[in-house]
Visitor: 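I have a structure here, written as structure tokens, and I will follow up with some questions on it.
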Amino acid sequence: MQIFKDLEQNIGLFEKKLPVQKSFDLVGRRLIIAGKPAYYLLVDGLSKDDVLLRLFQHIQGQQGIEDMETLESFLQNQIGYIETTLERDVDLMTKAILSGQTLLLIDGFDQAILLDMRTYPVRSPQEPDLEKVTRGSRDGLVETIVFNTALVRRRVRDPNLVYEMKEVGSKSCTDVVIGYIEGLADPHLVAHLREALDNIHVDSLLMGEKTLEELLIKKRWYNPFPQAKFTERPDVVAAHLLEGHVVVMVDNSPSVMLFPATMFHFTQHSEDYYQNPLVGTYIRWIRFFAILISLLFTPLWLLLAQNLDFVPSVLQFMVPTESAAVPLFVQLLLVELGLEILRMASIHTPSSLTTAMGIIGGLILGQYAIEVNLLIPDTVLYMAIAGLATYAVPSVEFGMAIRIYRIFILLLTGLFDVWGFAIGLVLFLLVLVTTRSFSGLRYTWPLIPFDGRALSNVLIRKPIIEVKRHEKENSRKPVK
């Protein structure tokens, strides 16, 4: 639907579209511009009041708007603000107003002026809590999408860096940006993302990028592995863009999604690259070792404790010498449950009380559980080692997937002994190998299918200058 030349009809249109008289934050006011009646409409709190005031002080003194060409000339010659457009469509203007733009209607014209004077409440770009580094930049992404694109653009001044804006959600009308470097990113992946976003039909993205991820990626209930990497660091986003990845940003969310993502993307961290290559390689191998411990340490210990005849002499120290009122298998599950409750409690506990809560949960309860013969010290020790190894995983989503499969393998080992451990491990590997990323790339690439050069870059933190361009291009090729 398009607007009319009559100002009163146009005001009536927008008062039907928007609750101007009911909602206090919708501000509409009549005024005179160049001798003609005019009307502006905006959302209070989303517009730059000082800039709007200066603009109206200037244009209200202008004379003579005679025809359509003169209106365009008036826009070009008298309104010096940067972001201005002429629009006829009522629905588009309604969305623009609700997103923070200012609508200016002038009597006698079937076009309106949209002034993009948006300003959003925003916090300062602080370092993300989940991705801290010992040295390096301390800024992080925020909840305003324009600020996030600027933080990345500041680092990547490539003229081929493209940000495509989409809108998702029939009620929320959430802005979603696809970012990529033309010529580096896989065009098929970009096209696939465009199509997938266009085909999403929901009311809103309630949980930001996480809701969008679930709408984009359809996966089995038994597969907890994340297929999109999340980050809140603009330097990480810039590095992935330069490697040919595609970025998806969601307004009102401080984290972005990176595509494609394989299992090895979740084992790398910014700290690797802010350190010397040898130190970065050492840190990376420690992380690989921690992931293995997190997955297999407690199931293997339970397996050894249930099959004492097969325990080699070098591992005799791991054999439990004490017993408790409950079986060892149940003890491990109880401690696993306790660690999970402790993790959840730390999230919901005010930061000033987390230390006290940790002492109560980790020390006092653990000690009394041993004294009342509910647990043995070995169980607490080895479960604590596995728990610490889980927190060494850089990605929260990938670490949670490892934890779920650890419990799964632990359950099968406790119920079916050696066969249970073998079945659990095989099922874990099957899910891992059969999982594909959003682009079709196997989750286990570059191990399966094997790519020696790419795998060496994963296992060894090489100097930046040695990372070849064709290796980056290979990481984008979908495997059919």
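Just so it is clear, the model here is predicted, and its values are computed rather than measured. These numbers come from the heavy atoms of this one structure, side chains and all, not from hydrogens, waters or symmetry mates.
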Visitor: Show the numbers, then the answer: is there a side chain to side chain contact (heavy atoms under 4.5 Å, CB included) between V250 and I145?
Guide: CA-CA 7 Å; V250 181; I145 199 167; 6.0 Å; no
Visitor: Would you say L115 and V51 make side-chain contact, with heavy atoms under 4.5 Å?
Guide: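 The answer is no; the side chains never approach within 4.5 Å.
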Visitor: Does F288 CZ have over 12 foreign heavy atoms under 6.0 Å away?
Guide: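 For F288, atom CZ is crowded (more than 12 foreign heavy atoms under 6.0 Å).
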Visitor: What residue among D107, I113, I106, L105 forms side-chain contact (heavy atoms from CB on, under 4.5 Å) with F109?
Guide: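 So, applying the side-chain contact (heavy atoms from CB on, under 4.5 Å) to F109 and each of D107, I113, I106, L105, only I106 qualifies.
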Visitor: Are side-chain N/O atoms of T298 and E336 paired as donor and acceptor at under 3.5 Å?
Guide: no
Visitor: Tell me whether K229 is salt-bridged to E397, with the criterion being a basic N under 4.0 Å from an acidic carboxylate O.
Guide: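 Looking at K229 and E397, the cut-off is not met.
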Visitor: I'd like to know if the side chain of Q227 and the backbone of R436 have a donor-acceptor N/O pair within less than 3.5 Å.
Guide: yes
Visitor: Nearest 0.5 Å please: distance from the OG atom of S172 over to the CG atom of L205.
Guide: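 Taking OG in S172 and CG in L205, the distance rounds to 5.0 Å.
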Visitor: Over 60° means perpendicular and under 30° means parallel, so classify the ring planes of Y443 and F225, tilted if in between.
Guide: tilted
Visitor: In sequence, state the C-alpha distance, the side-chain angles, and the governing distance for S253 and E143, and then conclude on side-chain hydrogen bond (donor to acceptor under 3.5 Å, both in side chains).
Guide: CA-CA 5 Å; S253 175; E143 286 76 10; over 6 Å; no
Visitor: Does the ring centre of F14 sit less than 6.0 Å away from the ring centre of Y39?
Guide: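 When the ring centroids of Y39 and F14 are compared, they turn out to be at least 6.0 Å apart.
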Visitor: Are any of the side-chain nitrogens in D272 or R287 under 4.0 Å away from the carboxylate oxygens of its partner?
Guide: yes
Visitor: If you define the side chain from C-beta out and look only at heavy atoms, does anything of F259 sit under 4.5 Å from V247?
Guide: no
Visitor: Hey, is E271 close enough to K132 for a salt bridge, meaning N to O under 4.0 Å?
Guide: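 No, this pair does not count.
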Visitor: Hey, does the side chain of H265 reach the backbone of T262 with a donor-acceptor pair shorter than 3.5 angstrom?
Guide: yes
Visitor: Under 3.5 Å, is there a donor-acceptor pair between the side chain of S23 and the main chain of P19?
Guide: no
Visitor: What distance separates L216 CG from N199 CG, expressed to the nearest 0.5 Å?
Guide: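 That separation rounds to 10.5 Å.
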Visitor: Can you check whether S204 reaches T174 side chain to side chain, under 4.5 Å on heavy atoms?
Guide: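 Counting from C-beta outward, S204 and T174 never come under 4.5 Å.
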Visitor: Within a reach of under 6.0 Å around NZ of K16, are more than 12 heavy atoms found that belong to other residues, nucleotides or ligands?
Guide: no
Visitor: Take a 6.0 Å sphere around CZ of R54 and say whether it holds more than 12 heavy atoms from other residues, nucleotides or ligands.
Guide: no
Visitor: Flag the pair L114 / M93 as yes when at least one side-chain heavy-atom distance between them is below 4.5 Å, and no otherwise.
Guide: yes
Visitor: Backbone N or O of F4 within a donor-acceptor pair of the N10 side chain at under 3.5 Å?
Guide: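 Pair found, side chain donor or acceptor close to backbone of F4.
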Visitor: Evaluate side-chain hydrogen bond (donor to acceptor under 3.5 Å, both in side chains) for Y180 paired with E164, printing each intermediate quantity in order.
Guide: CA-CA 9 Å; Y180 60 94; E164 294 184 11; 2.5 Å; yes
Visitor: Is the shortest side-chain N to carboxylate O distance from K17 to D91 below 4.0 Å?
Guide: yes
Visitor: Between N223 and T435, is there a side-chain donor-acceptor contact under 3.5 Å, judged purely by atom types and distance?
Guide: yes
Visitor: For a quick test of reading the model, state the closest non-hydrogen atom pair linking V393 to I291 and the distance between them.
Guide: CG2-CG1, 3.8 Å
Visitor: Any side-chain to backbone donor/acceptor pair from R118 onto K48? Under 3.5 Å, distance only.
Guide: no
Visitor: Are the side chain of S47 and the backbone N or O of D49 linked by a donor-acceptor pair below 3.5 Å?
Guide: no
Visitor: For residues L18 and L41, determine if any side-chain heavy atom of one lies less than 4.5 Å from a side-chain heavy atom of the other.
Guide: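 In contact.
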Visitor: Using a 3.5 Å distance criterion without hydrogens, assess whether the side chain of R284 forms a donor-acceptor pair with backbone atoms of V458.
Guide: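 Present.
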Visitor: Look at the side chain of R155 and the backbone N and O of L151, then say whether any donor-acceptor pair between them is shorter than 3.5 Å.
Guide: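 The answer is yes, because a donor-acceptor pair under 3.5 Å joins these two groups.
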Visitor: Are T444 and L432 packed together at the side-chain level, in the sense that at least one heavy-atom pair is separated by less than 4.5 angstrom?
Guide: yes
Visitor: Is the backbone N or O of V142 less than 3.5 Å from a side-chain atom of N148, with the two atoms forming a donor-acceptor pair by type?
Guide: yes
Visitor: Answer yes when R30 and E8 have at least one side-chain N-carboxylate O distance shorter than 4.0 Å, and no when they do not.
Guide: yes
Visitor: So how far is it from Y273 OH to I283 CD1, rounded to the nearest 0.5 Å?
Guide: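 One gets 12.0 Å once the value is rounded to the nearest 0.5 Å.
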Visitor: Say you draw a straight line from CD of E167 to CG of D198; how long is it, rounded to the nearest 0.5 Å?
Guide: 11.5 Å
Visitor: So, for Y405 and Y222, which heavy atoms are closest and what is the spacing to 0.1 Å?
Guide: OH-O, 2.9 Å
Visitor: With side chain to side chain contact (heavy atoms under 4.5 Å, CB included) as the criterion, how do I181 and L242 come out once you've worked through the C-alpha distance, each side chain's angles and the decisive distance to 0.1 Å?
Guide: CA-CA 7 Å; I181 297 180; L242 292 169; 3.7 Å; yes
Visitor: What do the steps show when you test L447 against F264 for side chain to side chain contact (heavy atoms under 4.5 Å, CB included), and what is the final call?
Guide: CA-CA 9 Å; L447 183 62; F264 292 105; 4.1 Å; yes
Visitor: Hey, are E15 and Q21 close enough side-chain-wise for a donor-acceptor pair under 3.5 Å?
Guide: yes
Visitor: Which heavy atom of S255 sits nearest a heavy atom of E232, and at what distance?
Guide: CB-CG, 3.6 Å
Visitor: Mind listing the closest non-hydrogen atom pair of F398 and P226 along with its distance?
Guide: N-CG, 3.7 Å
Visitor: Do the numbers put R403 on top of the ring of Y391, so that NZ or CZ is under 6.0 Å from the six-membered ring centre and no more than 45° off the axis?
Guide: yes
Visitor: If we ignore hydrogens and angles and just use 3.5 Å, is the side chain of R233 paired with the main-chain N or O of S270 as donor and acceptor?
Guide: no
Visitor: Do the side chains of V236 and H269 get nearer than 4.5 Å, heavy atoms only?
Guide: no
Visitor: So do L26 and D44 actually touch side chain to side chain, heavy atoms under 4.5 Å?
Guide: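 Not in contact.
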Visitor: Around atom CZ of F147, are there more than 12 heavy atoms of other residues, nucleotides or ligands at under 6.0 Å?
Guide: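 Not more than 12 within 6.0 Å, no.
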Visitor: Begin with the C-alpha distance, continue with both residues' side-chain angles, and end with the deciding distance and a verdict on side-chain hydrogen bond (donor to acceptor under 3.5 Å, both in side chains) for T134 and Q275.
Guide: CA-CA 9 Å; T134 53; Q275 298 289 347; 3.0 Å; yes
Visitor: First locate atom CD of Q2, then atom CZ of R88, and finally report the distance between them rounded to the nearest 0.5 Å.
Guide: 6.0 Å
Visitor: State whether R138 and D235 are salt-bridged, where the test is any N-O pair (Lys NZ or Arg NE/NH1/NH2 against Asp/Glu carboxylate O) under 4.0 Å.
Guide: no
Visitor: If you compare all heavy atoms of V246 against all heavy atoms of A185, which two are closest, and at what distance to 0.1 Å?
Guide: CG2-CB, 4.0 Å
Visitor: State the CG-CD1 distance between L193 and I178, to the nearest 0.5 angstrom.
Guide: 5.0 Å
Visitor: Looking at V90 and I3, what are the two nearest heavy atoms and their distance?
Guide: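 Distance-wise, the nearest heavy atoms are CG2-CG2, 3.6 Å.
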Visitor: Could you go through the side chain to side chain contact (heavy atoms under 4.5 Å, CB included) check for V190 and E182 one step at a time?
Guide: CA-CA 10 Å; V190 176; E182 210 162 19; over 6 Å; no
Visitor: Atom CE of residue position M165 - does it have more than 12 heavy atoms of other residues, nucleotides or ligands inside 6.0 Å?
Guide: yes
